[in-house]
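Convention: sequence-line order gives letters A, B, ...; per-chain numbering from 1.
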Amino acid sequence: MKQMTYDHILVRYAELSLKGKNRSQFEKRLQHNVRTALKTSFPEVKVKRSFGRMFVQLNGHDEQGVSKVLKGLFGIHSISPALKLENDIDLIREGAVYAIKDALPAEKGTFKVTSKRIDKTFPVRSQKLNRELGAEVLKNTKEIQVDVHNPNVELRVEVRQDGTYLTCRTEYGPGGLPTGTGGKVMLMLSGGIDSPVAGYQMFKRGVEMEAIHFHSPPFTNERALQKVKDLTKVLSRYAGTEIRLHVVPFTEAQKQIHDAVPGEYEMTIMRRVMLRIAEKVAGKRDALALVNGESLGQVASQTLDSMHTINEVTNMPILRPLVAMDKQEVIEIAQKIDTYELSILPYEDCCTIFLPPQTKTKPNRNKANRFESSLDLDAIVKEAAEGTYEQKLSSAEELDKEFEDLL
Amino acid sequence: MIYFDNSATTRPYEEVLETYTKVAHDFFGNPSSLHPAGKQAERLMNQTREMAARLLDVKAKEILFTSGGTEGNNLALKGTAVRHRSRGKHLITSEAEHPSSFETFQQLEQEGFEVTWLPVNKDGVISLVDLKEAVREDTILVSLIHVNNELGSVNPVKEAGNFLKQFPKILFHVDHVQGIGKVPLRIKDSGIDFCTVSGHKFHGVKGTGLLFAREGIVLSPLFSGGKQEHQLRAGTENPAGAAALVKAMRIHFERSAEGNRKLFSLTDELIASLQEIEGIAVNTSANRAPHIVNFSVPGVKPEVLVSAYGEKGMYVSTKSACSSKEPEPSRVLSACGFNRDRAASGIRVSLSYENTDSEIRTFLHYTKEIVPSLLEVVSK
């Protein structure tokens, strides 16, 4: 008798069912993303779509490892490890006991069995199958009981032509839309707590993403830049692919702004310049929107007056997924997506380094334009955009090149 | 040389030594320094920690690099006892622990803690029933060795962890020094709060180790003076040692599935053949790790046998303290209930993945020769 062990994972789609005619396109994209996410660590898995859901055939790979990856992919509503068995009542009995013991390892709790007999040539009818499997589980476990109304676990059995599928345990994915179905955006990534969360929220809507960071050496140091690279790597987990990070040399621009602009408008003008540069880089990369981590009223630069004044310089859409969130909500997401610990590392970033003693909380467009008039904006933007270099970062690259052979 | 003393220490892998020297030479900056050399060393430490976490399937912030098994055990035990003494002063461990735990508990006893010493059976393992009975309202810590360093027997730490999950105030430490890679142990979600690992037991270098300390657990540090290792172990980090440890662990894990199968077949053969030799009693039970076999030749001082093997280039060990003229019986073997004669004559054979079938045969061949002749001398 073969050792029972989960050999498939059943994947249920999130919002895809709502998508009408586009549905199959979304499903195909999700299938592609699942394949891409699994191929390096789990080369033997097969990913198939059938009956409005997806099966990942494990072919010997570790169920927990594969599940962990799947649980991070957008477009996935939930997953359940599944046993595929021949349509043989003895095997199904054995499988039922295995699945219940796996879902209730302490052998305590309640369950129910829900059978579907799609293959009508199978001799045992579904009601009878429910009872038989229930009895088999009760016989082979200690303190597990039946509860058909509110069970701790539900054992689902589907007898199909190609075999019988048993699932019991269900875990949830992040929902949302599959990455790559929503066009490209450029994320303004500072290294703080908010911007990585903003990026994550956008992934949920299926976008492709590149990131832009403003680096001002020696006022911001290498550790700060490294932190942003590490954050990008973490985000690339949710992208399911590598992310291009554009690093803008910003020292010169900041110095010029610092010299020419009164302290209380420095932040406002700096933001306006950053937006102009970001727009330029985004344009080069065919991104259709900018994304940032602004939350209304959180700091001086994020009041409605500020946003209004800063936003003047571009007509590219600026998406602010955190705009109505509290700090605490943002922190909770940051913790969940593993960016929090990195974000709180205490390095200076470009927003804090030249921070004047007072920042205007209600700047206006007229004044901003007036203060900017003494700057050669075109030259500043051009120089920064041209000096920008990019680096592709991926969570799959565990180690820096120089350490690769060491560990 | 036939080296059968791998539970004492192992020969470092070449790749591990390469890592050690390369890191010590190329990345010698202090990870806490602000300049680029410091940043690079810090970066290496971070990636090393990340890799260790990945290998053990835990979080990077749950990995603390130490100087080895003794420090890991001391830090987990004393750190918990001191930090949580206001919660209660009752500790639980077994009679068959490694000295670095055993004597730590003795010290804690002198400092006013109450220790329940769980007995072990003939196989060298505790009973869960005893553990369940020992738990009290004021218990703050349970510590168990996973694979016994003298006998190779395997304690039911998985079951103990599962049981202890229902007592959130009781912290559970596992001394995993002999077990790592050899006997699978899932740390995550297992009820384990601390887990001690030592590098030189799996072909790393000496003076390296790590302690898993579950996220959210607080400890009192043994060393004060800096913010290194999540503020739990002051002192300049040892990037070369940490990297070497992780390299060794990675190689060890890569080899462990096949290696353990091979070791079981070698030690099965060894045990079966030893049992046929008159005068030899095998102490290791069926519930065992793949790499350790302990046997006694009652009547023969183990030191004599160790040196007889040594002359032939075969290195085994005895765990009895050979300091006094009076042969001190092994504490572990005594705890298993073996009589004084047997407990005082234990020999430990401990293998690594490098050992071969022909080495076992050579060893057995000589054992068949030397044991009867020594017994003859003794019986006169």
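- Within a 6.0 Å radius of CD in Gln166(B), other residues, nucleotides and ligands contribute more than 12 heavy atoms.
- Using a 4.5 Å cut-off between heavy atoms, Lys59(B) makes no contact with chain A at all.
- No more than 12 heavy atoms of other residues, nucleotides or ligands lie within 6.0 Å of CZ in Phe28(B), so this atom counts as exposed by the packing criterion.
- Here Leu406(A) contributes atom CG and Lys22(B) contributes atom NZ; the two are 5.0 Å apart, rounded to the nearest 0.5 Å.
- At a 4.5 Å heavy-atom cutoff, the contact between Gln40(B) and chain A is made by backbone and side-chain atoms alike.
- For Lys108(A), the NZ atom is loosely surrounded, since the number of other residues' heavy atoms within 6.0 Å does not exceed 12.
- Environment of CZ in Arg11(B): sparse, with no more than 12 heavy atoms of neighbouring residues, nucleotides or ligands closer than 6.0 Å.
- With a 4.5 Å cut-off on non-hydrogen atoms, Phe27(B) touches chain A through its side chain but not through its backbone.
- Of the two parts of Gln47(B), the backbone and the side chain both hold a non-hydrogen atom closer than 4.5 Å to a non-hydrogen atom of chain A.
- The pair Arg43(B)-Glu402(A) does not meet the salt-bridge criterion, since no charged nitrogen lies less than 4.0 angstrom from a carboxylate oxygen.
- Counting all heavy atoms, side chain and backbone alike, Arg223(A) lies closest to His35(B) at NH1-O, 4.2 Å.
- Using a 4.5 Å cut-off between heavy atoms, Lys68(A) contacts chain B through its side chain alone, with no backbone atom that close.
- If you measure heavy-atom distances from Asp400(A) to chain B, the contacts under 4.5 Å come from both the backbone and the side chain.
- Here Glu222(A) contributes atom CD and Glu42(B) contributes atom CD; the two are 12.5 Å apart, rounded to the nearest 0.5 Å.
- Chosen from Asn162(B), Ile251(B), Asp57(B), Leu34(B), the residue pairing most often with chain A at heavy-atom distances under 4.5 Å is Leu34(B).
- Here the shortest heavy-atom pairing between Thr19(B) and Asp405(A) reads OG1-O, 4.2 Å.
- Of the residues considered (Lys61(B), Glu18(B), Glu50(B), Arg54(B)), Arg54(B) shows the highest number of contacts with chain A, using heavy-atom pairs under 4.5 Å.
- When each of Glu15(B), Met249(B), Lys39(B) is checked for heavy-atom pairs under 4.5 Å with chain A, Lys39(B) comes out on top.
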